[in-house]
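Working notes, beginning with the structure itself.
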Amino acid sequence: MRGKVLRFATAGACVALTVAACGSSGGGGSSTSSGGAKVKGKIGVILPDTKSSARWATADQPLLAAAFKAAGVQYDIQNAQGDATQMQTIADQMITNGVTVLMITNLDSGSGKAIEDKAKAQGVATIDYDRLTLGGSAQYYVSFDNVAVGKLQGQGLVDCLKASGAQKPIVAELNGSPTDNNATLFKQGYDSVLDPLYKDGTLVKGPDQSVPDWDNQQGGTIFEQMLTQQPEIGGVLTANDGLGGAALAILAKNGLNGKVPVTGQDATTPALQNILDGDQCMTVYKAVKKEADAASALAISLAKGEKGDAPQTIHDPTGNRDVPSVLLQPVAITKDNVKFVVDDGYVTKAELCTGKFAALCTTAGI
């Protein structure tokens with residue numbers, strides 16, 4: 001509904017175009033492309049990393065680039081590779097090189113705010129992509145309903161525990177980065193499902209810890225410590241598929257994979273394979289193409305000097321303002337509907353159904 005305010009409490013002729021590579025090492029060369037009809041404005045995009053999730057390089061970057069190219073707008077897409085100082089340097093370079101629209105997925109709200117404030121002072125329009133910059137000055141925010149993401153994770157874990165017949169299982173929570181507002185919203189969502197069940201004794205609250213920078217290696221170390229301290233852990237709420245994979249590796253080392261339900265988010269190919277294999281109980285699919293399409297449409301409108309269309313708003317409690325937003329709905333994925341992610345074009349059957357997963361895909365109707 002247009003104008004609806006969602007309030008979340010919180011504790012992202014041809015012209016030459018350059019797109020920086022997004023290799024996990026942070027290096028790489030560049031490629032050039034050109035659009036059709038010329039648009040006066042220029043769009044800069046800074047993505048956060050390639051370590052926390054593969055989506056930034058494999059989905060968001062090519063989708064955004066394709067949209068900008070089709071619109072004939074000059075663009076520059078780079079990746080900060082998890083370095084907030086590098087993100088600020090990239091932003092400064094983009095502003096110096098004449099971007100009129102800057103879209104960022106912040107690494108933390110403090111550095112994101114500094115970038116947006118500098119852009120605003122230079123007359124550059126800004127968009128928060130996927131993560132809201134608390135206290136920032138972005139004109140628009142494009143993401144998913146992230147509290148809803150968390151609720152799907154919480155309910156997914158509860159359903160998996162019920163299906164396994166677990167009695168008063170100890171639940172460990174492996175949360176996302178404390179500097180990412182999305183992680184706060186995910187936790188708000190899943191705790192709204194889990195806390196009442198902790199209170200009435202259906203579930204037992206176990207270790208609960210955040211993972212700095214969504215670092216999967218640290219996540220594995222933290223979870224191993226959790227399991228050492230409480231070997232009876234019966235369910236794991238992990239905030240995304242990367243952390244889920246890290247927890248699964250530790251569970252597998254202890255012969256517990258497939259026995260202890262584990263959640264996720266992002267519907268990555270490895271996670272979907274883990275779901276087919278019975279090791280991961282669920283993930284949350286966020287249709288990145290819809291998110292990239294909505295963000296690129298706003299950026300292109302701003303580059304043309306037009307006002308963008310954002311039918312919702314989200315409240316930024318730090319800046320005490322309502323930010324015009326596009327908030328998309330997530331989908332819970334279990335073994336029963338893995339096919340949906342393939343049918344939606346996010347992963348291909350060839351990518352998913354390799355080796356031993358071919359037979360599992362057939363069983364799942366893929």
Side-chain angles (χ1 to χ4, degrees), residues 12 52-56 58-60 63 130 143-164 171 173-176 182-183 185-187 189-190 192-194 214 216 219 235-248 251 257-258 260-292 327-354 356-366:
S52 66
S53 176
R55 62 165 282 193
W56 304 115
T58 62
D60 297 84
L63 288 167
D130 198 74
S143 189
F144 287 82
D145 182 337
N146 291 310
V147 173
V149 170
K151 288 180 178 179
L152 291 178
Q153 292 175 309
Q155 190 59 52
L157 182 61
V158 170
D159 292 345
C160 292
L161 289 167
K162 285 181 179 178
S164 71
V171 174
E173 297 185 27
L174 199 60
N175 312 302
N182 281 3
L185 298 177
F186 300 149
K187 184 167 175 59
Y190 52 73
S192 73
V193 175
L194 299 177
W214 292 95
N216 296 332
V236 191
L237 193 304
T238 60
N240 75 352
D241 289 338
L243 297 178
L248 280 171
L251 290 171
N257 55 306
V260 176
V262 175
T263 68
Q265 175 196 176
D266 288 335
T268 64
T269 298
L272 296 174
Q273 290 174 334
N274 286 332
I275 289 171
L276 290 171
D277 207 23
D279 283 353
Q280 184 167 324
C281 80
M282 63 86 67
T283 187
V284 178
Y285 173 50
K286 300 183 298 185
V288 175
K289 186 176 187 308
K290 292 182 180 179
E291 185 180 23
L327 300 176
L328 304 165
Q329 291 302 310
V331 178
I333 300 296
T334 65
K335 188 179 293 187
D336 292 337
N337 66 338
V338 168
K339 186 176 184 292
F340 178 81
V341 184
V342 179
D343 290 344
D344 209 39
Y346 188 66
V347 300
T348 66
K349 180 177 178 179
E351 291 169 334
L352 181 64
C353 305
T354 59
K356 70 174 184 178
F357 300 106
L360 295 172
C361 281
T362 299
T363 301
I366 300 170

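Side chains included, hydrogens not; waters and symmetry mates left out as well; all remaining heavy atoms used. Sequence positions, counted from 1, serve as the residue numbers for this chain.
Summarising the geometry of Pro330 relative to Phe144, their closest heavy-atom pair is N-CD2, 4.2 Å, with the distance given to 0.1 Å. What you find for Gly244 and Thr238 is that their closest heavy atoms are CA-OG1, 3.2 Å. Closest non-hydrogen pair, Val260 versus Gly235, comes out as CG1-N, 3.6 Å. Shortest non-hydrogen contact noted between Ala292 and Leu63 is CB-CB, 3.8 Å. Contact detail for Cys281 and Gly156: the closest heavy-atom pair is SG-O, 4.2 Å. A pairwise comparison of heavy atoms in Ala183 and Trp214 identifies CB-CZ2, 3.8 Å as the closest pair.
Atom CZ of Arg55 sits about 4.0 Å away from atom CG of Asp60, to the nearest 0.5 Å. For the atom pair CD1 (Ile366) and OG1 (Thr362), the distance works out to 8.5 Å, reported to the nearest 0.5 Å. Taking CD1 of Ile333 as the start and NZ of Lys339 as the end, the distance is 12.0 Å to the nearest 0.5 Å. We find the CG-OH distance between Asp266 and Tyr346 to be 6.0 Å, quoted to the nearest 0.5 Å. A distance of 5.0 Å separates OG in Ser192 from NZ in Lys151, rounded to the nearest 0.5 Å. Taking OG1 of Thr263 as the start and CD of Glu173 as the end, the distance is 9.5 Å to the nearest 0.5 Å.
Of the possible polar contacts, one joining the Asp241 side chain to the Thr268 backbone as a donor-acceptor pair under 3.5 Å is found. Counting only distance, with no hydrogens or angles, the side chain of Gln153 and the backbone of Gly264 share a donor-acceptor pair below 3.5 Å. Using a distance-only test at 3.5 Å, with no hydrogens or angles considered, no donor-acceptor pair links the side chain of Asn337 to the main chain of Phe340. Between the Asp279 side chain and the Val262 main chain, no donor and acceptor come within less than 3.5 Å of each other. Proximity of a side-chain donor or acceptor of Ser143 to a complementary backbone N or O of Leu327 within less than 3.5 Å is not detected. When atom types are taken as modelled, the side chain of Gln265 and the backbone of Ala239 share a donor-acceptor pair closer than 3.5 angstrom.
Using a 4.5 Å heavy-atom cutoff, the side chains of Val342 and Leu272 are not in contact. Contact annotation: the side chain of Met282 never approaches that of Asp159 to less than 4.5 Å [non-hydrogen atoms, C-beta and beyond]. Using a 4.5 Å heavy-atom threshold, the side chains of Asn175 and Tyr190 count as touching. Using a 4.5 Å heavy-atom threshold, the side chains of Asn216 and Leu243 count as touching. Taking 4.5 Å as the limit, every side-chain heavy atom of Phe186 sits out of range of all side-chain heavy atoms of Val284.
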Inset, instruction - Given side-chain contact (heavy atoms from CB on, under 4.5 Å), test Lys286 with Leu328 step by step and report yes or no. - result: CA-CA 8 Å; Lys286 300 183 298 185; Leu328 304 165; over 6 Å; no
Inset, instruction - Given salt bridge (Lys or Arg N to Asp or Glu O under 4.0 Å), test Lys356 with Asp277 step by step and report yes or no. - result: CA-CA 9 Å; Lys356 70 174 184 178; Asp277 207 23; 3.0 Å; yes
Inset, instruction - May I have the step-by-step check of side-chain contact (heavy atoms from CB on, under 4.5 Å) for Thr354 and Gln273, ending in yes or no? - result: CA-CA 9 Å; Thr354 59; Gln273 290 174 334; 3.6 Å; yes
Legend entry - Test side-chain contact (heavy atoms from CB on, under 4.5 Å) applied to Leu276 and Leu352, step by step: CA-CA 10 Å; Leu276 290 171; Leu352 181 64; 4.2 Å; yes
Legend entry - Working for side-chain contact (heavy atoms from CB on, under 4.5 Å), residues Val158 and Leu161: CA-CA 5 Å; Val158 170; Leu161 289 167; 5.6 Å; no
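With sequence neighbours excluded, no residue forms a disulfide bond (SG atoms under 2.5 Å apart) with Cys160.
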